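Reviewing the structure listed below.
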Amino acid sequence: MRQLFLQLFLALAATVTGAPMSSPNGKITVNHDGHSLKVCYRGLQALDIAEAGVASTDQPTFTQHVKADYHMLTGKRSHCTNEANEYRIGSLLLRVYNDGIALNHQPSAISHQSSAIAYHIPEGTRRWMQQWCDSYEGFFPLSTTYKVAPVPSYSGISKSAEGWNNRWGYPALLEVTGQLADGKAAAEPVYVLLSEANIQHGQSASCLMNDGELFRVVEAERTTESTSHGCPWQVAIIGTLADVVESTLVTDVSDPCRITDTGWIQPGVVSWIYWAYNHGSNNYDIICKYVDMAETLHLPYVLIDAEWDEMDKLASNNGKTIEDAVAYARSKGVKPLIWYNSSIGWVDGAPTPKFRLNKPEDREREFAWLERIGVAGVKIDFFSGDSQRNMDFQLDLLESAARHHLLVNFHGATIPRGWQRTWPNLMSTEGVYGAEWYNNVATFTAKAASHNATLPFTRNVIGPMDYTPCTFSDSQHPHITTHGHELALTVLFESGLQHLADRPESYLAQPEEVKRFLSQLPAAWDETHLVAGYPGEYVVMARRSGKKWYLAGINGTDSVKTIPLSFNGKNVTLLTDKPGKDRSWHIEKLKKIPKSIVFQPRGGFCYIWEN
């Protein structure tokens, strides 16, 4: 109570004396400077909000102390807490959290978020930013400039008059260096991750569009001009790399859970057909093969992908239908998930089933049928971007699915923006350049290791990511990451439904320790800690589920790396790579975690132990 009174006193004093607005822990301060906001972390300016939609005459006023304290069924942490001091500056609400800030213009202020908020990102700033496309399936390359040529294969290409890409998707990671107020150089860089949260009905999502060094928040298409729908929160996670990776700020500012009974929502690992058999989900025997793998490895789910509605057309199926496949899975104790085309993105030439979920009455009938025959969830694919139409449709799908006890996985869709707290039946979202791309182009082979070592610092920070990891064999195009690297991805990449993409025979041929690892793998975590790493180079993370700890790491480079470790664990099992090029395993029982680990090129490791 004394601490709360102190926080309120300091916040109120700031509005009277002109002192900076600050976070409860004092690490982050914000100065109102004319039309802009200067955000500092421990004295180093971390973010310049060059335009905040406020006037120079607007004076900050403390409004309340905000505390987030809630539980999540999926994600990086089961019990989430955070605190903020909230201020009003004109029409702008500003929350200064212990690990970042959140900005929101009130509904009466503006009809569009465009031009209300803009960030100044100076040339020379190290950044990992993805060029915008409607599926959010792109790389986060390290750059120090906005002068980047557009990727020609992306949908929604936008470029400046000089020919540079000028449209960027969330999240965007910045590394900031500079001088402190006393003129001394900051000892360590500060990291800022920009994103968005808590989109509601009637709102569209936004992206960043730049004119030189000014990156403006710009809405996607909105059907209605009504100001009553307001705007989502713009968030900036600020601090060390560990602060960024471990943050739950995106869900902290999102609406609480709207599902009363959540006992049926269970995260888990899934056997997935598509990666090895692109058109295998219309084949009853192939489906049974993946069900059998799930049963053998004790995986709770199997995903039956596109074209399952054409099963009865194949003579080899002998009249079997999706209901027969669902019944077979249930007879083996495996819960089936099935795929749908959203029918608002890629429709012509796209796989079926189509147009079953678009009208409310059709959607209710379809979901009621799925619930009746024992389907546990749906994967819905091929949305068309960030528009209000897409946002409203996805929210309608989540609400309807919850009524029928169906888990949801959005594919070909925008990134998570906090819905996983409000609608916890949202288990995962694609919105990532993942292992599926080994099926599409050869580009991924050389870039995958570095890309994988970037995602824990960028895309996966903001919410679940259905990358479909852990492929030991090859699909259409080869991969050159090691077995240890691939196994570590199942821990490093968080997803409430963790889809294993490889062939059954590949998994079943692995050593017993690897199969046991997959059989016991959690898909939700009680704790997450970044132990070490740097975007694109390497990452080491520790996650806990119950009494069991997982310490996993990957090398994003083509060179051998020796990484110091400082994490305690006793009686641990190590699964990693033998030196060499044959992708063979090194598996060992150890009394404790050593002081360092040797990463093979594009390699990885996992330590597992129980407290």
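Please read all numbers here as calculations on a predicted model, not as lab measurements.
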**Request:** Kindly indicate, with the supporting measurements, whether the criterion side chain to side chain contact (heavy atoms under 4.5 Å, CB included) is fulfilled by Val217 and Leu208.
**Result:** CA-CA 5 Å; Val217 174; Leu208 296 173; 3.9 Å; yes
**Message:** Assess the residue pair Glu137 and Arg459 against the criterion (salt bridge (charged side-chain N to carboxylate O under 4.0 Å, His left out)); give the C-alpha distance rounded to whole Å, side-chain angles, the decisive distance to 0.1 Å, and a yes or no.
**Reply:** CA-CA 10 Å; Glu137 295 180 58; Arg459 166 62 180 86; over 6 Å; no
**Item:** Test log, rule side chain to side chain contact (heavy atoms under 4.5 Å, CB included), inputs Gln394 and Thr414
**Value:** CA-CA 10 Å; Gln394 290 180 64; Thr414 191; 4.1 Å; yes
**Item:** Steps toward side chain to side chain contact (heavy atoms under 4.5 Å, CB included) verdict (Tyr538, Thr557)
**Value:** CA-CA 8 Å; Tyr538 73 101; Thr557 74; over 6 Å; no
**Request:** Take Thr454 and Leu142 through the side chain to side chain contact (heavy atoms under 4.5 Å, CB included) test and state the conclusion after the steps.
**Result:** CA-CA 9 Å; Thr454 305; Leu142 169 62; over 6 Å; no
**Request:** Could you walk me through whether Tyr433 and Asn440 pass the side-chain hydrogen bond (donor to acceptor under 3.5 Å, both in side chains) test, one step at a time?
**Result:** CA-CA 11 Å; Tyr433 201 113; Asn440 301 333; over 6 Å; no
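Scanning both residues, Leu249 and Val235, for their nearest heavy atoms gives CD2-CB, 4.2 Å. Summarising the geometry of Ala276 relative to Arg503, their closest heavy-atom pair is CB-CG, 3.4 Å, with the distance given to 0.1 Å. Here the closest heavy-atom approach between residue Glu436 and residue Trp275 is recorded as CA-CD1, 4.1 Å.
Residues Phe517 and Tyr550 place their aromatic rings such that the two centres sit under 6.0 Å apart. Ring centers of Tyr274 and Trp339: at least 6.0 Å apart, outside the cut-off. Between Phe140 and Trp168, the distance separating the two ring centers is not shorter than 6.0 angstrom. Aromatic pair Trp308/Tyr340: ring centres closer than 6.0 Å. Here Tyr438 and Phe444 bring their ring centres to under 6.0 angstrom of each other.
Going from atom OG of Ser559 over to atom CZ of Phe599 covers 13.0 Å, rounded to the nearest 0.5 Å. The distance from the NZ atom of Lys379 to the CG atom of Leu303 is 5.5 Å, given to the nearest 0.5 Å. Expressed to the nearest 0.5 Å, how far CG of Leu241 lies from CD of Glu246 amounts to 10.5 Å. Interatomic distance, NE2 of His529 versus NZ of Lys76, reported as 12.0 Å (0.5 Å rounding). Atom-to-atom distance recorded for Gln203:CD and Cys231:SG is 6.5 Å, nearest 0.5 angstrom. Here Glu221 contributes atom CD and Ser204 contributes atom OG; the two are 8.5 Å apart, rounded to the nearest 0.5 Å.
With no hydrogens or angles considered, no side-chain donor-acceptor pair links Ser143 and Arg127 at under 3.5 Å. Counting only N and O atoms by type, the side chains of Lys289 and Tyr277 include a donor and acceptor under 3.5 Å apart. Inspection of the Tyr70 and Thr251 side chains reveals an N or O donor paired with an N or O acceptor under 3.5 Å. A donor-acceptor contact under 3.5 angstrom links the side chains of Glu486 and Thr481, judged on distance only.
Judged purely by atom type and a 3.5 angstrom limit, Asn166 uses its side chain to pair as donor or acceptor with the backbone of Lys159. The backbone N or O of Ala523 sits nowhere less than 3.5 Å from a side-chain atom of Gln498 that would complete a donor-acceptor pair. Judged purely by atom type and a 3.5 angstrom limit, Glu399 has no side-chain atom pairing as donor or acceptor with the backbone of Trp423.
By the 30° and 60° cut-offs, the orientation of the rings of Phe605 relative to Tyr607 is perpendicular.
A ring-ring contact (aromatic ring centres under 6.0 Å, His included) with Trp128 is found for one member of Tyr170, Phe457, Tyr534 and no other, namely Tyr534. Checked against Tyr507 for a side-chain contact (heavy atoms from CB on, under 4.5 Å), the options Leu299, Leu500, Val514 give a single hit: Leu500.
Classification of Asp558 and Arg602 as a salt-bridged pair holds, one side-chain N sitting under 4.0 Å from a carboxylate O.
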